[in-house]
2 protein chains.
Amino acid sequence: MSTAAITVPVTVNDHENCPATSMLRRAGDKWSVVILSVLERGTYGFNELDRSVEGLSRRMLTRTLRSLEGDGLISRTVHPGVPPRVDYALTELGRSFLEPVRALGLWALAHQSDLEAARTRNR
Amino acid sequence: MSTAAITVPVTVNDHENCPATSMLRRAGDKWSVVILSVLERGTYGFNELDRSVEGLSRRMLTRTLRSLEGDGLISRTVHPGVPPRVDYALTELGRSFLEPVRALGLWALAHQSDLEAARTRNR
DNA sequence: CTGGATCCGTGCCGATACTG
DNA sequence: CAGTATCGGCACGGATCCAG
């Protein structure tokens, strides 16, 4: 066996099935983090949420809420009656998820000037 | 002035221009984190990177590298000659960015069973 | 009030072929 | 080796209308 340098192949396989990838996607999703952040302040109804986020269409609100509920990040509680009422709230898992998300947001704020400088330089 | 409960309007405006949003998008981007992670191991050439990530097309590799360079997360160094050689490497900013990204990935791993349970329950 | 259904523009992304 | 150019499928996401 020679002692010559050996090139170790470093290949990334199947990264779409990595459990971390799906939550990175979640964090990068257009509306998820905004909705989760609003719900951090308390329980909201559907139209309350709709009015709380500028630019958010009802269609995407519905889809994002269903998706967040599917991941167990929020809870959905139906109160029958007239008018009907549905409450959305953070779960413990959702509240926990916001911690690393906020860490990433704080990183962005802390390095905002570096990023702006790089973007200007490479413009 | 009455002391009745006042509903404080909580509206999220202009979240597309939030500096944190762009980096959350970056983290959720399909290839950026994978490429940054590979570059954490050292300097790579273009085709080396291409071969290191399964499923990554040269087209998206080029686009992602340009984008990462634009944000100052990686550096691009051209070595003229035959054959030509271009080295890609993490910058300090890029290495720093991987910390909160990894924190989010670790969160996903730590809560993998919770997420899987929720997804099964809501199936 | 809380959605679902449909239409449709736009951009992401892979496949393929070509260049210096 | 290190890209560029072009085509095309498909999913994201907004607008609008309909329903319980």
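Since we're looking at a predicted model, the values are computed, not measured. These numbers come from the heavy atoms of this one structure, side chains and all, not from hydrogens, waters or symmetry mates. Chain A is the first sequence line, chain B the second, and so forth, proteins listed ahead of strands; every chain is numbered from 1.
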In sequence, state the C-alpha distance, the side-chain angles, and the governing distance for B:D71 and A:R119, and then conclude on side-chain contact (heavy atoms from CB on, under 4.5 Å). CA-CA 5 Å; B:D71 274 1; A:R119 287 166 184 158; 2.8 Å; yes
Positive for side chain to side chain contact (heavy atoms under 4.5 Å, CB included) with B:V12, one of A:I35, A:L56, A:V34: A:V34
Shoot me the first and last contacting nucleotide of DNA chain D against chain A, ordered 5' to 3', at under 4.0 angstrom to non-hydrogen atoms. D:dG13 to D:dG20
Roughly how far, to the nearest 0.5 Å, is OG of B:S57 from CG of B:D50? 8.0 Å
Distances for protein N or O near nucleotides 15-17 of chain C N or O, under 3.5 Å:
| unit_1 | atom_1 | unit_2 | atom_2 | d |
| --- | --- | --- | --- | --- |
| C:dA17 | N6 | B:R58 | NH2 | 3.4 |

Step by step, work out the side-chain contact (heavy atoms from CB on, under 4.5 Å) result for B:L49 and B:Y44. CA-CA 6 Å; B:L49 277 172; B:Y44 280 71; 3.7 Å; yes
Salt-bridge test for A:E16 and A:R25: reply yes if a basic N is under 4.0 Å from a carboxylate O, no otherwise. yes
Using the criterion of both pairing distances under 3.5 Å for Watson-Crick and G-U wobble pairs, give all stems of 3 or more consecutive pairs involving DNA chain C. C:1-20 with D:1-20
Closest heavy-atom pair and its distance - A:H111, B:S96: NE2-OG, 3.5 Å
Residue mapping more 5' on DNA chain D - nearest nucleotide basis, B:N47 or A:M60: B:N47
Considering only NZ, NE, NH1 and NH2 on the basic side and carboxylate oxygens on the acidic side, decide whether A:D87 and A:R76 come within less than 4.0 Å. no
Please list residues of residues 66-88 of chain A whose heavy atoms come under 4.0 Å from any atom in DNA chain D, ordered by number; otherwise none. A:P84
Which residue pairs satisfy the salt bridge (Lys or Arg N to Asp or Glu O under 4.0 Å) criterion with at least one member in residues 95-113 of chain A, sequence neighbours excluded? A:E40-A:R102
Note: contacts of residues 24-37 of chain B with DNA chain C (heavy atom, under 4.0 Å) are B:K30, B:W31
Can you see which heavy atom on B:G72 is nearest to which on B:T91, and at what distance? O-OG1, 2.6 Å
Would you compute the distance between atom CG of A:L73 and atom CG of A:L65 and round it to the nearest 0.5 angstrom? 11.5 Å
